[in-house]
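Working notes, beginning with the structure itself.
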Amino acid sequence: MIGRDGVHILANMEPDADTVKRNVATALAEDVGSGDVSADLIDEEAHARARIVTREPGVFCGRAWAEETCRQVDPAIRLDWRVDDGAQIETDDALVHIEGPARSLVTAERTVLNFLQLLSGTATRTRRYVDAIVGTKTVILDTRKTLPGLRVAQKYAVRIGGGRNHRMGLFDALLLKENHIAAAGGIAAAVCQARGRHPGMPVELEVEDQRELADAIAADVDRILLDNFSIDDLDAAVAATAGRVPLEASGGITLDNAAEVARTGVDYISVGELTKNVTPLDLSMRFVGD
């Protein structure tokens, strides 16, 4: 469900099971293909134990994808988790102990790590932004700048990191940008058409200067996106709206300036790099002896 201002309101933090299954099936199809020829070198009767550890601190995320990977590779694999999604992990922490057929463990290894590293990296980056603006009213949002096919997974990781989700896609909220406005013949016309064709759906409008901001306020939109506004312009926008319309700052925002942007009083900051420029967390899986 999404609120009037276009922010997802999620009562259930759990990832969608069908999406997880599809993500994993796609990942295994491209990695394993017709079969793991390297695993053929291992005795098919061999049983092994392994553990996944982290080589750096961060926020853990991706448990459901790891579990589903092991289930699809071999239901005989057993996982003994030492952490849950959202846990703060430290260097050398053991995240999970795994046991099962040795062939199956080496086949599942890379796909399990790919999901855990990516989603933990996304959650960790998000947590850093959330921590950077502590003490302000501003909320950190993600964008649609996600890895193709992994939007639900990455947006879940953003929530685990303490951020919130912008619209999921082009279908669940209206965001009218410069090209939409130009094609419609102006801000008032674009908003009027949006309201007429999609009654009840939240309408957000992107503006690039104070004149467009005034037009957006007059059009009574549900949220205004301030695109690449300077700090002075953000201050002016907050004063001009006086709380009548939620404001979202976007463009050119980094960990270095997020706090300064938040202190202007904007309601939201949307950050593409949460999901676009993510650095995977450094994790490793190693077999262990009895």
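Positions are given from 1 along the sequence.
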query = Taking all non-hydrogen atoms of both residues, which atom of Ala153 and which atom of Leu119 are closest, and how far apart?
reply = O-CD2, 3.6 Å
query = Does a side-chain N-to-carboxylate-O contact under 4.0 Å join Arg55 and Asp92?
reply = no
inquiry  = For the CD1 atom of Ile181 and the CD1 atom of Ile187, what is their distance to the nearest 0.5 Å?
reply    = 4.5 Å
ask   = In Å and rounded to the nearest 0.5 Å, what is the OG1 to OH distance from Thr138 to Tyr268?
value = 10.0 Å
request  = Could you grab the distance from atom CD of Glu14 to atom CZ of Arg159, nearest 0.5 Å is fine?
outcome  = 9.5 Å
message = I want to check something: taking the side chain as every heavy atom from C-beta on, are Val73 and Val112 in contact at a cut-off of under 4.5 Å?
response = no
query = When you check the gap from the basic side-chain N to the acidic O, do Asp267 and Lys137 get nearer than 4.0 Å?
reply = yes
message = Does Arg125 form a salt bridge (Lys or Arg N to Asp or Glu O under 4.0 Å) with Asp142? I'd like the steps, not just the answer.
response = CA-CA 11 Å; Arg125 176 66 63 122; Asp142 54 23; over 6 Å; no
message = With a 4.5 Å cut-off on side-chain heavy atoms, are Val83 and Asp93 touching?
response = no
key: Separation between CG of Leu113 and CD of Glu109, rounded to the nearest 0.5 Å   = 5.5 Å
key: Sidechain-backbone polar pair: Thr275 side chain, Lys145 backbone, donor-acceptor under 3.5 Å   = yes
ask   = Are the side chain of His180 and the backbone of Lys177 linked by a donor-acceptor contact shorter than 3.5 Å?
value = yes
message = Could you check whether any side-chain heavy atom of Leu105 comes within less than 4.5 Å of a side-chain heavy atom of Met285, counting everything from C-beta outward?
response = yes
inquiry  = Whether the His97 and Arg82 side chains hold a donor-acceptor pair (N or O, under 3.5 Å, no angle test) is what I'd like checked.
reply    = yes
request  = Using side chain to side chain donor-acceptor pair (under 3.5 Å) as the criterion, point out the one residue from Asp85, Thr122, Asn165 that pairs with Tyr156.
outcome  = Asp85
request  = Could you give me the CA-CA distance, side-chain angles and deciding distance for Phe60 and Asp84, then say whether side-chain contact (heavy atoms from CB on, under 4.5 Å) is met?
outcome  = CA-CA 7 Å; Phe60 177 76; Asp84 290 319; over 6 Å; no
key: Same apolar cluster: Val221 and Leu234, side chain cutoff 4.5 Å   = yes
key: side-chain contact (heavy atoms from CB on, under 4.5 Å) between Leu213 and Thr241, worked out   = CA-CA 9 Å; Leu213 173 64; Thr241 54; 4.1 Å; yes
Gap between atom CD of Glu56 and atom OG of Ser120 - 0.5 Å precision = 9.5 Å
ask   = Within the distance-only criterion (no hydrogens, no angle test), does the side chain of Gln88 pair as donor or acceptor with the backbone N or O of Gly58 below 3.5 angstrom?
value = yes
message = Quick one, Glu67 with Arg71, criterion salt bridge (Lys or Arg N to Asp or Glu O under 4.0 Å). Give me CA distance, side-chain angles, the key distance, then yes/no.
response = CA-CA 6 Å; Glu67 290 175 346; Arg71 188 194 69 79; over 6 Å; no
query = Is there a side-chain contact between Leu226 and Ser250 (heavy atoms, below 4.5 Å)?
reply = no
ask   = Side chains of Arg244 and Ile217: does their closest heavy-atom pair fall under 4.5 Å?
value = yes
request  = Please answer whether the main-chain N or O of Ala108 pairs with a side-chain N or O of Thr111 as donor and acceptor at a distance below 3.5 Å.
outcome  = no
ask   = Any side-chain heavy atom of Ile98 within less than 4.5 Å of one from Arg49?
value = no
ask   = Counting distance only, does the side-chain N/O of Asn23 pair as donor-acceptor with the main-chain N or O of Gly149 below 3.5 Å?
value = yes
task = Quick one: pull up CD1 in Ile253 and CG in Asn228 and give me the separation to the nearest 0.5 Å.
result = 8.5 Å
query = Is Lys21 close to Gln72 at the side-chain level, that is, under 4.5 Å between some pair of heavy atoms?
reply = yes
message = Atom CZ of residue position Arg144 - does it have more than 12 heavy atoms of other residues, nucleotides or ligands inside 6.0 Å?
response = yes
query = Between the side chains of Arg22 and Thr19, does any donor sit under 3.5 Å from an acceptor?
reply = yes
query = Does one side chain, of Glu248 or Ser270, offer a donor that lies under 3.5 Å from an acceptor on the other?
reply = yes
task = Give a yes or no on whether the backbone of Arg167 and the side-chain of Lys155 come within a donor-acceptor separation of less than 3.5 Å.
result = yes
inquiry  = Could you check whether any side-chain N or O of Asp227 sits under 3.5 Å from a backbone N or O of Val207, counting only pairs where one atom can act as donor and the other as acceptor?
reply    = no
ask   = Do Leu274 and Ile140 come within less than 4.5 Å of each other through their side chains, counting heavy atoms only?
value = yes
inquiry  = Strictly distance-based, threshold 3.5 Å: is any side-chain N or O of Asn257 a donor or acceptor partner for the main-chain N or O of Glu260?
reply    = no
task = Report yes or no: do His166 and Glu204 form a side-chain donor-acceptor pair below 3.5 Å?
result = yes
task = For Arg128 and Thr126, test the side chains for any donor-to-acceptor distance below 3.5 angstrom and give the result as yes or no.
result = no
Check against salt bridge (Lys or Arg N to Asp or Glu O under 4.0 Å), Arg211 and Asp215 = CA-CA 7 Å; Arg211 179 187 59 78; Asp215 290 342; 3.6 Å; yes
